[in-house]
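In the text below, chain A, chain B and the rest are named by the order of the sequence lines, each starting its count at 1. Given the structure is predicted, the values throughout are model-derived calculations rather than measurements.
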Amino acid sequence: MTRSALFLVPLFALLAAVEASFLWVFSLSWICTFPLMIIAGLLIMQRVGVIQGTAWCFAAALFQWNGVAFCIALLGPLFFEKVFSTRSVYALLGAGLAAYGTSLVLITLFSFLLPFFPSLDISKLFIGWILLVPGLYCGFLFVRWFEISIGSRFAIKTS
Amino acid sequence: MPRAWYLKDKTREIAKWLVTFFGLLGVLWFLSTISWLSPVFRGIQSGLYATATSIEQIFTRIFASEESLTRQLTTCKDQLAEQSTRATALASADDEAAQWRSLFGYTSSGNIPGVPSRVIARGSFASSDILIDKGSNDSIAIGSAVVIGNGQLFGVVTKVDATQSIIRLIEDAQSAIPAQVLGQDKTIGLVTGNEGAALTMEYIPQDVKLSVGDGVLTSGLGGTIPAGLFIGTVTEVSQDLSEPFQSATITPSHDARAWTVVLVLPVASPL
């Protein structure tokens with residue numbers, strides 16, 4: 001099980017660099033709001049393991065100071081284990097949209113109720129929620145291809 | 001108890017995985033801060049950043065609104081106007097620098113004394129006089145020869161104030177410079193201006209053979225203008241045998257309007 005960490009850590013660094021140095025450069029809001037790390041975390045949560053996905057989302061929240069990732073790290077296991085427990089793309093979309101949407105509601109509530117809570121651009125987070133659908137769908141297809149063609153050569157175990 | 005034993009084992013495995021994952025992340029973060037490894041990470045990031053910036057610029061150009069394009073066009077026009085002004089000023093400064101270098105080469109080649117001066121004003125259409133920024137405070141006297149470039153005669157000082165002087169150009173109708181034809185020491189004449197680009201050399205004896213292209217220099221007669229200063233070249237010879245003298249049209253080698261830096265020679269300075 002620990003061998004999967006050897007693959008996920010470089011992948012985390014690479015995707016974090018892509019998100020920060022590539023996606024966030026675009027001034028067009030619909031590109032820079034693409035939640036790459038969150039999509040990767042949700043995919044890992046379903047395909048690899050809930051623990052691994054939760055750790056990924058916590059690490060993303062820590063390195064990028066991302067409140068949505070933190071909420072998904074807390075809510076994701078609940079949705080993946082209790083509500084959308086199958087390994088289909090529909091379960092992934094359902095769990096992802098539910099976790100992200102719940103995070104969005106919580107963050108909006110916190111920003112209104114707690115004065116010290118940092119203000120966030122809710123509209124950009126909402127666009128990110130919409131972009132989650134194509135992101136998760138394409139990510140699911142890629143991961144399925146990866147599992148079938150290459151996954152057996154690396155230390156990736158599916159739970 | 002098997003169930004408890006299983007849970008304990010599972011918990012240990014999860015803990016081990018978490019420690020490995022966050023530990024490796026920490027090691028990776030630490031490595032990225034080490035000087036000999038950070039260029040690798042920075043190189044990857046800068047490559048991604050450059051690619052994203054190029055793509056963004058393409059998108060911006062394709063989807064830019066008309067108002068945005070109009071604003072950009074206005075900005076470009078303003079910058080073009082500003083750069084054109086700067087280019088003109090630089091070209092003018094280049095010209096002046098070339099003139100200074102030419103004068104410096106002339107004075108240093110023969111250890112020729114003189115007062116470098118700048119042209120600060122030009123006369124009206126009816127006058128060929130110019131105003132320079134040096135005067136009696138700088139030892140300039142009436143009758144001093146004024147040269148440009150490599151010792152070409154430009155004019156003569158006609159009026160001197162404390163800090164400025166008036167120069168009469170050799171093209172002026174009132175200008176009369178004692179001259180000689182190069183190579184023929186005894187062929188002397190008087191070069192007068194015609195308010196145009198060409199000069200006239202008069203009082204040349206009829207027995208002197210002049211050719212087009214002959215150089216004309218100052219003769220030094222009169223005492224105020226040194227000998228040997230280049231005036232121009234013969235471009236036309238007018239010979240009427242019924243007259244006692246012949247004349248020639250002299251074209252100066254310079255354009256008086258193009259020079260902004262001149263050298264004022266002391267009165268009758270030996271060359």
(request) Please list, chain by chain and in numerical order, all residues satisfying ring-ring contact (aromatic ring centres under 6.0 Å, His included) with A:Tyr137, sequence neighbours excluded. (result) none
(request) Taking all non-hydrogen atoms of both residues into account, name the closest pair between B:Phe22 and A:Ala55 and its distance. (result) CZ-O, 3.7 Å
(request) Flag the pair A:Phe22 / B:Ile55 as yes when at least one side-chain heavy-atom distance between them is below 4.5 Å, and no otherwise. (result) yes
(message) As a quick check of understanding, evaluate side-chain contact (heavy atoms from CB on, under 4.5 Å) for B:Trp17 and A:Leu8, giving each step before the final call.
(response) CA-CA 11 Å; B:Trp17 190 93; A:Leu8 291 178; 3.7 Å; yes
(request) Find out whether B:Phe21 and A:Gln52 are in side-chain contact, i.e. whether some heavy atom of one side chain is under 4.5 Å from a heavy atom of the other. (result) no
(request) Select all residues of residues 14-21 of chain A having any heavy atom within less than 4.5 Å of some heavy atom of chain B, and report them by number, or 'none'. (result) A:Ala17, A:Val18, A:Ser21
(message) Applying side chain to side chain contact (heavy atoms under 4.5 Å, CB included), can you list everything that pairs with B:Ala89, at least two apart in sequence or on another chain?
(response) none
(request) Check each atom of B:Leu25 against the heavy atoms of chain A and say whether the ones under 4.5 Å are side chain, backbone, both or neither. (result) both
(message) Can you confirm whether A:Phe58 sits close enough to B:Leu18 that some side-chain heavy atom of one is under 4.5 Å from a side-chain heavy atom of the other?
(response) no
(message) According to side chain to side chain donor-acceptor pair (under 3.5 Å), who are the partners of B:Ser54, at least two apart in sequence or on a separate chain?
(response) none
(request) Might you point out which heavy atoms bring A:Ala5 and B:Leu24 nearest each other, and give the distance in Å? (result) O-CD1, 4.0 Å
(request) Flag yes if more than 12 heavy atoms outside A:Phe63 fall under 6.0 Å of its CZ atom; otherwise flag no. (result) yes
